[in-house]
Amino acid sequence: MEDLSTMQCEACRPEAPRVSEAEIRELHPQVPDWEIIEQDAVRRLRRVFKFGNFAEALDFTNKTGALAEEAGHHPAILTEYGQVTVTWWSHKIKGLHKNDFIMAAKTDQLLKH
Ligand SMILES: C[C@H](O)[C@H](O)[C@H]1CNC2=NC(N)=NC(=O)C2=N1
């Protein structure tokens, strides 16, 4: 399968289907550091990134924000001293779309720059 991090998000449409269990089984292993959580009955992808201090956490936060703006698809980001929690889901469909797996893979790539 194509590397998720090289794919582009498709425009979020309210009628878009959430990922199926079969799609999750195919996509989740490609972003193994992310957990699937359910919060307020909405399934989301979440990863905690560890850093040495707040400045590094803030830098990563800003890079993630720029990635989101470029893609037009936005996460929840909690920035703390030494760690950043990034949570991806698709607001319009109140759940997980392939876009969220793509953005999780792209977020992982930020660690390499
Ligand atoms: C108008 C704007 O493009 C839409 O509201 C976008 C913005 N960013 C988004 N981000 C996420 N995660 N889900 C959405 O449904 C979404 N919709």
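Counting starts at 1 for both ligands and their atoms, in listed order.
- For Lys106 (side chain) and Met7 (main-chain N/O), a donor-acceptor pair under 3.5 Å exists by modelled atom type.
- Protein heavy atom closest to atom 8 (N) of ligand 1, with residue, atom name and distance, is His74 ND1, 2.8 Å.
- Atoms of ligand 1 lying under 4.0 Å from at least one heavy atom of Gly72, given by number and element, are 6 (C), 7 (C), 8 (N), 9 (C).
- In this structure, Phe101 has its ring center at least 6.0 angstrom away from the ring center of Trp89.
- The side-chain contact (heavy atoms from CB on, under 4.5 Å) test with Thr107 is passed by exactly one of Val84, Thr64, Leu45: Thr64.
- Side-chain N or O atoms of Arg44 include none that pairs as donor or acceptor with a backbone N or O of Glu38 at under 3.5 Å.
- Every atom of ligand 1 is numbered from 1 in the order shown, and the set under 4.0 Å from a heavy atom of Ser90 is 13 (N).
- Among Lys92, His91, Arg13, the residue whose heavy atom lies nearest to atom 2 (C) of ligand 1 is Lys92.
- Counting non-hydrogen atoms of other residues, nucleotides and ligands closer than 6.0 Å to CD of Glu70 gives a total of 12 or fewer.
- Per-residue contacts place Trp89 under 4.0 angstrom from the following atoms of ligand 1 (heavy atoms of the residue considered): 11 (C), 12 (N), 13 (N).
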